[in-house]
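Accompanying notes for the structure given below.
Below, read A as the first sequence line, B as the second, and so on, with proteins coming before strands; counting in each chain starts at 1.
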There are 2 protein chains.
Amino acid sequence: MSDEVKKNRLRLREFLPYRLSVLSNTVSRGIANLYDREFGLTIWQWRVMAVTGDTPGISATDIGQRTAMDKVAVSRAVAGLIELGYLERKTSESDGRRSQLFLTPAGQDIYEMIVPIALEAERKLMAPLTSEEQAELSRLMQKLAGSASPERPLW
Amino acid sequence: MSDEVKKNRLRLREFLPYRLSVLSNTVSRGIANLYDREFGLTIWQWRVMAVTGDTPGISATDIGQRTAMDKVAVSRAVAGLIELGYLERKTSESDGRRSQLFLTPAGQDIYEMIVPIALEAERKLMAPLTSEEQAELSRLMQKLAGSASPERPLW
DNA sequence: CTCTATTAGTTTCATATGTAACTAATTGAC
DNA sequence: GTCAATTAGTTACATATGAAACTAATAGAG
């Protein structure tokens with residue numbers, strides 16, 4: 001048991017929610033700068049491009065589920081990407097409410113440029129961990145994610 | 001090496017920055033709800049209370065360093081807490097720009113109520129991990145934090 | 001069919017947040 | 001001492017974000 005709990009004292013620097021938040025913000029900020037500087041994209045726009053590139057024809061709602069974005073954020077990111085000429089929207093023939101989203105050729109180009117850069121950034125981030133440690137981190141995060149799922153709030 | 005890298009394909013669900021962001025947001029949201037529902041505090045206000053409770057007389061600037069908050073966020077959180085009657089500000093005698101912050105008796109009461117609740121939430125969050133896994137997670141996060149430090153951007 | 005409930009997506013509005021400009025106090029060079 | 005440069009903290013402004021209201025289309029009960 002950690003000192004923190006033993007002493008019944010809360011040290012922010014040892015408090016997991018705080019540590020997660022700081023680490024995530026640091027990483028996200030770095031990545032956001034990268035996408036913005038190199039391609040003029042926000043993180044949300046990039047997420048939308050990433051899943052659309054991986055799953056052409058996906059709808060905005062499904063993007064939201066795959067990216068943990070709410071529908072307003074998806075709507076705005078999609079609008080921005082269409083404006084930039086990277087995304088194209090068709091209306092589903094079977095359901096007039098649904099959109100089907102596709103990367104334009106320009107969007108494909110950007111997509112193919114970003115993927116290796118993003119993977120390289122991830123690689124550098126994880127470089128200090130051995131591959132066993134990387135696998136272990138992944139496993140532990142998955143456990144935590146199950147524990148913290150919003151459907152089953154612990155607090 | 002993971003499939004993701006091997007295939008040179010980016011699957012958002014396996015991409016560490018994305019996973020960190022989603023996990024952190026889920027946890028933060030749960031915690032924020034807890035603080036707000038039970039005590040009417042924002043996460044930032046609670047962070048300020050936490051370090052002030054731990055280090056009475058601390059200045060706003062030092063709070064910023066200890067909580068990874070920028071000075072504007074600290075200023076706003078402090079203003080809110082003073083408004084709520086949980087925090088008290090004195091001007092340093094040796095340096096008229098510096099403030100010295102203290103919990104009021106009401107603030108102390110809240111502080112003492114929150115600490116065990118927050119620790120319990122953390123305990124529940126980590127419950128699915130063995131204590132070895134918890135220690136390992138902590139160690140791996142620390143390594144990552146070093147790797148991602150903003151002073152030494154990798155991208 | 002037809003009418004109500006639901007769903008996909010957008011817009012509106014109120015609030016949160018970060019950057020930059022600002023004020024007040026202090027420090028340090030001279 | 002005096003004045004430029006720095007530091008602590010606040011304010012102002014522009015942008016980001018999320019909740020709720022809204023529009024358009026579909027589904028489902030009868």
Side-chain angles (χ1 to χ4, degrees), chain A residues 21-22 24-26 28-33 35-37 40-48 51-52 55 57-83 87-102 150, chain B residues 21-22 24-26 28-33 35-37 40-48 51-52 55 57-83 87-102 150:
Chain A
S21 166
V22 171
S24 167
N25 288 342
T26 303
S28 286
R29 182 164 310 198
I31 291 263
N33 283 341
Y35 296 154
D36 180 34
R37 192 178 61 227
L41 297 177
T42 67
I43 282 204
W44 294 271
Q45 288 175 337
W46 165 244
R47 284 190 189 169
V48 167
V51 300
T52 307
T55 318
I58 193 171
S59 71
T61 300
D62 291 344
I63 289 178
Q65 294 182 326
R66 296 257 308 253
T67 59
M69 291 167 67
D70 71 62
K71 61 182 182 172
V72 178
V74 174
S75 176
R76 290 198 261 242
V78 166
L81 289 168
I82 289 173
E83 179 78 18
L87 213 65
E88 181 174 31
R89 171 168 32 207
K90 298 179 181 166
T91 298
S92 164
E93 291 183 11
S94 60
D95 184 342
R97 297 165 302 179
R98 253 169 185 302
S99 54
Q100 295 187 295
L101 297 164
F102 302 88
Chain B
S21 167
V22 171
S24 167
N25 287 343
T26 304
S28 286
R29 182 163 307 197
I31 291 261
N33 283 342
Y35 296 154
D36 180 34
R37 192 177 61 227
L41 297 177
T42 68
I43 283 204
W44 294 270
Q45 289 174 337
W46 165 243
R47 284 190 189 170
V48 167
V51 300
T52 307
T55 319
I58 193 173
S59 71
T61 299
D62 290 345
I63 288 177
Q65 294 182 327
R66 297 257 308 253
T67 59
M69 292 166 66
D70 71 60
K71 61 183 182 171
V72 178
V74 173
S75 176
R76 290 199 261 241
V78 166
L81 289 168
I82 289 173
E83 180 77 18
L87 212 66
E88 181 174 33
R89 172 166 36 206
K90 298 180 182 169
T91 297
S92 163
E93 292 183 9
S94 60
D95 183 342
R97 296 165 305 181
R98 242 170 157 43
S99 55
Q100 295 187 295
L101 297 165
F102 301 89

- Message: Between S21(B) and R47(A), do the side chains contain a donor N or O and an acceptor N or O under 3.5 Å apart?
- Response: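 A pair is found: one side chain offers a donor N or O, the other an acceptor, under 3.5 Å apart.
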Rounding to an integer number of Å, can you tell me how far [X] [atom1] sits from [N] [atom2]?
X	N	atom1	atom2	result
Q45(A)	dT17(D)	CD	P	11 Å
D95(A)	dA25(D)	CG	P	11 Å
R98(B)	dT26(C)	CZ	C1'	12 Å
E83(B)	dT10(D)	CD	P	14 Å
M69(B)	dG9(D)	CE	P	13 Å
I58(A)	dA8(C)	CD1	P	13 Å
D36(A)	dT15(D)	CG	P	14 Å
L81(B)	dT10(D)	CG	P	12 Å

- Task: Would you mind telling me which of Q100(A), Q65(A), R66(A) makes a side chain to side chain contact (heavy atoms under 4.5 Å, CB included) with I58(A)?
- Result: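 Answer to the side chain to side chain contact (heavy atoms under 4.5 Å, CB included) test with I58(A) among Q100(A), Q65(A), R66(A): R66(A).
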Establish, with yes or no, whether the OP1 or OP2 oxygen of [N] is under 4.0 angstrom from a side-chain nitrogen or oxygen of [X].
X	N	result
T61(B)	dG9(D)	yes
R89(A)	dT10(C)	yes
S75(B)	dG9(D)	no

- Message: Can you work out whether S94(A) or D70(A) has the more 5'-proximal nearest nucleotide on DNA chain D?
- Response: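 The residue whose closest nucleotide sits nearer the 5' end is D70(A).
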- Query: Pick the nucleotide of DNA chain D nearest each of K71(A) and E93(A); which residue has the one closer to the 5' end?
  - Reply: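 Its nearest nucleotide being more 5', the pick is K71(A).
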- Message: What I'd like to find out is whether the side chain of I43(A) reaches to under 4.5 Å of the side chain of M69(A), using heavy atoms alone.
- Response: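 With C-beta onward as the side chain, the pair stays apart.
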- Item | Sub-4.5 Å side-chain heavy-atom contact between L41(A) and L81(A) |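 Answer yes - side chains close enough.
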- Query: Considering only heavy atoms and no angle criterion, is a donor-acceptor pair shorter than 3.5 Å present between the side chain of R76(B) and the base of dG9(D)?
  - Reply: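 No, no donor-acceptor pair under 3.5 Å.
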- Which nucleotide sits closest to the side chain of W44(A): dT17(D), dA24(C), dT6(C)?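 The closest nucleotide is dT17(D).
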- Query: Among dT11(C), dG9(D), dA20(C), which nucleotide sits nearest the side chain of V72(B)?
  - Reply: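 The closest nucleotide is dA20(C).
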- Report the C-alpha distance between S94(B) and S92(B) in whole Å, list the side-chain angles of each, state the deciding distance to 0.1 Å, and finish with yes or no for side chain to side chain donor-acceptor pair (under 3.5 Å). CA-CA 5 Å; S94(B) 60; S92(B) 163; 3.2 Å; yes
- Message: Students often get this wrong, so: under 4.0 angstrom with heavy atoms, is T42(B) touching a base, only sugar-phosphate, or nothing?
- Response: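 Answer is nothing: T42(B) stays at 4.0 Å or more from every strand.
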